[in-house]
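The structure appears right after this line, and notes come after that.
Given the structure is predicted, the values throughout are model-derived calculations rather than measurements.
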Amino acid sequence: MSTHAPQAAQAVTLPTTLDEAVAALTVTPAAVPVAGGTDLMAAVNSGQLRPTALVGLGKISEIRGWQYQDGHALLGAGLTHARMGRPDFAALIPALAASARAAGPPHIRNAGTLGGNIASAAPTGDSLPVLAALEATLIIAGQGGARREIPVSHLLAGMDMLRAGELIGYVRVPLLHAPQVFLKATGRTGPGRALASVALVLDPARRGVRCAVGAIAPMALRPLEAEQWVAQLIDWDNNRALVPEALNAFGEYVAAACIPDPAPDEDGSVPSLPPAVLHLRRTVAALARRALGRALS
């Protein structure tokens, strides 16, 4: 039972198209868009949010599926985690399907949506490191049928924000047709919220490795130097072979890039990381090492 009684919304609008939803938000700027409502209800129950109007997105069928488009998958923002976790979607984008299956208990996966995960931008959002590693882009719906595209990473970093009346309509993901992996570590209380997560994808056409680390910072982190370093060591022409020593070093490289050592003291000595932080860094190293090993196997 919540100790905060949610305040009833004064108005609820249920549009059937994306443009109708944008129009409703334009008419009522204070309205809050809601799809699955998993993050919204958590904010309401904690007293952080008291919406006076809602724009429900659940009846907009155009954003609940996906389609192929010029070597990409165009994913509707209304796709649920449960839908993305199914085998047919997993054959399309394996890492995103794995993150969807790890998104929490069934009632969360059945309600929570891809667009909601992105819009709430919670550091522990399981899809976010995957989208960062895939270098996905967002198609934003605006007033008068306008559409614009921005990289997912720009929105998460605050470099480009949603404007008044705008909604996330679709997510464009490149189809790499190559191994990709999502792994996460959770606390002892059971599955759900990540302590750390790693998404890793191979891009054989560019002979590249892309990696993103989630849950340890306000946004997913890309260890770009570690990616470039290990990509040069992979024998792309010989079954993507890599010596075990490089695999272990990659994990350490990623972890050190995302959780660096403290700055030296005035006397030149480097203080030790707190035990909890050191444990987190070891966890990230293990996840990155395992993710790359599975992708190359």
### Task
State, with a plain yes or no, whether a side-chain heavy atom of Val12 is found less than 4.5 Å away from one of Leu14.
yes
### Message
Check Glu166 with Arg148, please: is the shortest side-chain N to carboxylate O separation under 4.0 Å?
### Response
yes
Compile the donor-acceptor pairs under 3.5 Å between side chains in residues 59-68 and protein atoms, sequence neighbours left out, one pair per line.
{"residue": "Glu62", "atom": "OE1", "partner": "Tyr170", "partner atom": "OH", "Å": "3.4"}
{"residue": "Glu62", "atom": "OE2", "partner": "Leu18", "partner atom": "N", "Å": "3.0"}
{"residue": "Arg64", "atom": "NH1", "partner": "Gly58", "partner atom": "O", "Å": "3.3"}

### Task
Would you check if Ile216 and Leu280 make a side-chain contact, meaning some heavy-atom pair closer than 4.5 Å?
yes
### Main-chain N/O of Cys211 paired with Arg222 side-chain donor or acceptor, under 3.5 Å
yes
### Task
State whether the side chain of Ser197 and the backbone N or O of Ala194 hold a donor-acceptor pair below 3.5 Å, judged by distance alone.
no
### Task
Evaluate salt bridge (Lys or Arg N to Asp or Glu O under 4.0 Å) for Glu135 paired with Arg172, printing each intermediate quantity in order.
CA-CA 9 Å; Glu135 297 183 345; Arg172 191 194 306 276; over 6 Å; no
### Task
For residues Ala31 and Pro33, report the shortest heavy-atom separation together with the two atoms involved.
O-CD, 3.8 Å
### Message
For Val152, is there any backbone N or O sitting under 3.5 Å from a side-chain donor or acceptor partner on His154?
### Response
no
### Query
Which atom pair, heavy atoms only, marks the closest approach of Thr283 to Ala185?
CG2-CB, 3.7 Å
### Message
Looking at every heavy atom in both Pro15 and Gly56, which two are closest together, and how far apart are they?
### Response
CD-O, 3.1 Å
#### Entry: Side-chain touch Leu75/Leu96, heavy atoms, less than 4.5 angstrom
yes
### Task
Mark yes when over 12 heavy atoms from residues, nucleotides or ligands other than Asn239 sit less than 6.0 Å from its CG; otherwise mark no.
no
### Task
Report the C-alpha separation of Leu233 and Leu242 in whole Å, then their side-chain angles, then the decisive distance to 0.1 Å, and conclude whether the side chain to side chain contact (heavy atoms under 4.5 Å, CB included) test is met.
CA-CA 7 Å; Leu233 299 179; Leu242 182 69; 3.7 Å; yes
### Query
Closest approach of Thr113 and Gly78, non-hydrogen atoms and distance?
CG2-O, 3.7 Å
### Message
I need the minimum non-hydrogen distance between Val284 and Ala196, along with the two atoms involved.
### Response
CG2-CB, 4.0 Å
### Beyond-backbone contact of Val201 with Leu176, side-chain heavy atoms, under 4.5 angstrom
yes
### Query
Out of Val22, Leu167, Ile168, which residue meets the side-chain contact (heavy atoms from CB on, under 4.5 Å) rule with Ile140?
Ile168
### Side chains of Val32 and Val55 in contact at under 4.5 Å (non-hydrogen atoms)
no
### Task
State yes or no: do Val198 and Leu134 share one hydrophobic cluster built from I, L, V, M, F, W and Y residues joined by side-chain heavy-atom distances below 4.5 Å, directly or via other members?
no
### Task
Please step through side chain to side chain contact (heavy atoms under 4.5 Å, CB included) for the pair Leu287 and Phe182, ending with a clear verdict.
CA-CA 9 Å; Leu287 291 176; Phe182 171 80; over 6 Å; no
### Message
Check whether Gln180 reaches the backbone of Ala95 with its side chain - one donor and one acceptor, N or O, closer than 3.5 Å.
### Response
yes
### Message
With a 4.0 Å cut-off on N to O distance, would you call Arg193 and Asp126 a salt bridge?
### Response
no
### Task
Rounded to the nearest 0.5 Å, what's the gap from CG on Leu138 to OG on Ser153? Could you check?
9.0 Å
### Query
Taking NZ, NE, NH1 and NH2 as the nitrogens, is one of them in Arg207 or Asp235 under 4.0 Å from a carboxylate oxygen of the other?
no
### Message
Are Val171 and Ile139 packed together at the side-chain level, in the sense that at least one heavy-atom pair is separated by less than 4.5 angstrom?
### Response
no
### Task
In plain terms, say whether Glu227 and Arg210 are close enough for a salt bridge, that is, a side-chain N and a carboxylate O under 4.0 Å apart.
no
### Message
Between Leu292 and Val230, is there a side-chain heavy-atom distance shorter than 4.5 Å?
### Response
yes
### Query
Short question: side chain of Lys184, backbone of Ala102 - any donor-acceptor pair under 3.5 Å?
yes
### Message
Within a 6.0 Å radius of atom CZ on Arg294, are there more than 12 heavy atoms belonging to other residues, nucleotides or ligands?
### Response
no
### Task
Step by step, work out the side chain to side chain donor-acceptor pair (under 3.5 Å) result for Thr17 and Asp19.
CA-CA 5 Å; Thr17 69; Asp19 288 334; 5.7 Å; no
#### Entry: Counterpart residues, side chain to side chain contact (heavy atoms under 4.5 Å, CB included), relative to Ala132 (two or more places apart)
Ala212, Ala220
### Message
A quick test of your reading: do over 12 heavy atoms of other residues, nucleotides or ligands sit less than 6.0 Å from CD of Gln69?
### Response
yes
### Salt-bridge criterion met for Asp261 and Arg281 (N-O under 4.0 Å)
yes
#### Entry: Minimum heavy-atom distance Ala249-Trp229, with the two atoms named
CB-CH2, 3.6 Å
